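A short worksheet on the structure shown next.
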Amino acid sequence: MSGRSRRSVLVGGAAAFAAALSGRGAYGHNGIDHSKEGAAHHTVTIERFKFVPAAIDAKVGDTVTWTNADIAPHTATAADGSWDTGTIRKGEAKSITVSAEMAPDYFCRFHPAMKGVLSVG
Amino acid sequence: MKTLSSFLAAGVAAFLVASPASAQDAADLNDLEIAHVAYVADNIDIRYAHLALAISTNPAIHEFAKTMIRDHTAVNEQALALLDKLGAQAQDNFLSRTLLENADKLVDEMADLRGAEFDKRYAENELAYHRAVNDLVENAFIPNIENAEVKALFEAGLEIFKAHQGHAEMMVEKVSQ
Ligand SMILES: [Cu+2]
């Protein structure tokens with residue numbers, strides 16, 4: 001080991017960006033909003049390479065919004081390819097309206113290990 | 001703490017760069033040098049991915065390579081934005097240079113392969129590369145980064161690269177069948 005000590009080059013303020021990165025709790029978990037008559041609004045946060053919550057129960061006519069809190073872009077895509085939010089970048093949100101024929105199992109096309117379930121009841 | 005992380009860093013660095021234990025210590029790098037290594041490491045994986053897109057005809061390899069380009073580009077954009085905000089510039093250093101030299105050799109080597117032979121080599125290298133870089137980031141860089149924003153970005157980056165490591169494991173299995 002060299003014995004020279006590390007130079008401090010960037011000691012400084014911090015909070016905002018760190019908070020922005022870790023402030024993922026800001027989105028409600030399974031917050032269901034019944035603002036329109038009958039139709040509910042479900043929110044899923046994509047954080048740390050997971051859909052949170054991983055499973056949601058929705059009814060035909062409900063909307064589901066996925067918000068990406070990660071730096072990496074993600075998608076929510078039906079396992080059978082029948083529906084797809086398209087690319088959701090950092091800080092972006094994409095929504096779909098639930099229809100009767102929607103396949104429940106979904107994943108991220110970019111990171112196939114990420115899986116979720118959208119049950120239509 | 002410092003002794004342990006220096007020890008780990010030396011081990012990781014030796015593995016990554018195949019140099020003797022007398023090599024400079026990755027744990028001695030300052031934040032701006034660490035940022036440079038990470039930027040170079042991201043760009044190396046993007047280079048490997050472009051090589052895969054040019055050579056491979058396997059759709060799964062193409063999807064994987066595109067994800068590597070998309071994610072490593074996103075991380076580098078965040079890193080540049082942060083450095084810009086801090087009014088700082090990444091600093092070139094021994095580890096960045098060694099990584100680049102090794103990558104040059106690997107690209108030359110892989111560029112001669114075709115078909116399943118290429119796919120297997122690419123997937124195995126992606127697994128080994130992410131594993132080595134993740135060890136370096138987790139054990140040598142994150143414990144030593146002094147700036148909280150830089151540290152937060154590295155922690156977010158590490159999550160992405162760990163996901164890539166898992167994805168690469170799946171790719172290795174797929175192309176080894
Ligand atoms: Cu994803």
Side-chain angles (χ1 to χ4, degrees), chain A residues 1-27 45-52 54 67-79 81 84-92 94 107-116, chain B residues 2-3 6-7 9-10 21-25 27-35 60 63-64 66-68 70-79 81-83 85-89 91 144-157 159-164 166-167 169-171:
Chain A
M1 312 299 126
S2 62
R4 76 188 160 96
S5 62
R6 302 175 67 247
R7 282 166 292 152
S8 289
V9 287
L10 273 180
V11 183
F17 192 78
L21 277 173
S22 60
R24 299 149 155 152
Y27 305 100
T45 302
I46 308 175
E47 51 181 344
R48 300 169 172 250
F49 283 71
K50 286 192 171 68
F51 297 108
V52 181
T67 302
N68 184 6
D70 280 344
I71 290 170
H74 297 292
T75 74
T77 306
D84 191 347
T85 59
T87 303
I88 314 171
R89 285 172 215 291
K90 178 180 184 286
E92 281 183 358
K94 294 265 173 90
F107 72 123
C108 169
R109 263 191 288 129
F110 303 154
H111 312 104
M114 295 171 59
K115 292 189 167 100
Chain B
K2 176 69 181 175
T3 314
S6 297
F7 171 74
S22 63
Q24 285 167 278
D25 195 326
D28 283 339
L29 298 176
N30 70 43
D31 285 10
L32 294 175
E33 290 168 328
I34 288 174
E63 285 309 311
F64 177 86
K66 283 188 214 157
T67 288
M68 294 307 112
R70 195 185 301 112
D71 289 357
H72 287 284
T73 302
V75 172
N76 271 352
E77 279 169 9
Q78 293 296 307
L82 177 55
L83 287 171
K85 191 190 139 200
L86 297 170
Q89 264 196 321
Q91 291 172 1
N144 288 308
I145 292 171
E146 293 175 349
N147 181 282
E149 291 176 88
V150 175
K151 195 188 274 260
L153 183 56
F154 269 79
E155 281 163 352
E159 263 173 44
I160 297 177
F161 309 147
K162 281 189 168 171
H164 289 178
H167 199 165
E169 257 165 55
M170 283 165 48
M171 290 306 307

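As a basis for the values below, the full set of heavy atoms in this structure was taken, side chains included, without hydrogen atoms, waters or symmetry mates. All values reported here derive from a predicted model rather than from experimental measurement. A, B, ... follow the sequence lines: proteins, then strands. Residue 1 opens every chain.
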Report summary line: For A/Phe110 and B/Thr67, the nearest pair of non-hydrogen atoms, with its separation, is O-OG1, 2.9 Å
Report task. Indicate the ring-plane relationship of B/His164 and A/His111, choosing parallel, tilted or perpendicular according to the 30° and 60° boundaries. Result ->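 Parallel.
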Report task. Mind checking the OG1-CD1 spacing from B/Thr73 to A/Ile71? Nearest 0.5 Å is all I need. Result ->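 Reported value, rounded in 0.5 Å steps: 13.0 Å.
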**Report entry** Pairwise distance CE(A/Met114) to NE2(B/His167) - rounded to 0.5 angstrom
**Finding:**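 Taking CE in A/Met114 and NE2 in B/His167, the distance rounds to 11.5 Å.
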**Report entry** For B/Lys66, all residues meeting side-chain contact (heavy atoms from CB on, under 4.5 Å), sequence neighbours excluded
**Finding:**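 With sequence neighbours excluded, B/Lys66 shows a side-chain contact (heavy atoms from CB on, under 4.5 Å) to B/Leu53, B/Glu63, B/Arg70, given in chain and number order.
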Report task. Please name all residues satisfying side-chain contact (heavy atoms from CB on, under 4.5 Å) with B/Ala60, sequence neighbours left out, ordered by chain then number. Result -> B/Asn58, B/Met171, B/Lys174
Query - Within 6.0 Å of NZ in A/Lys94, more than 12 heavy atoms from elsewhere - result: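 Enclosed.
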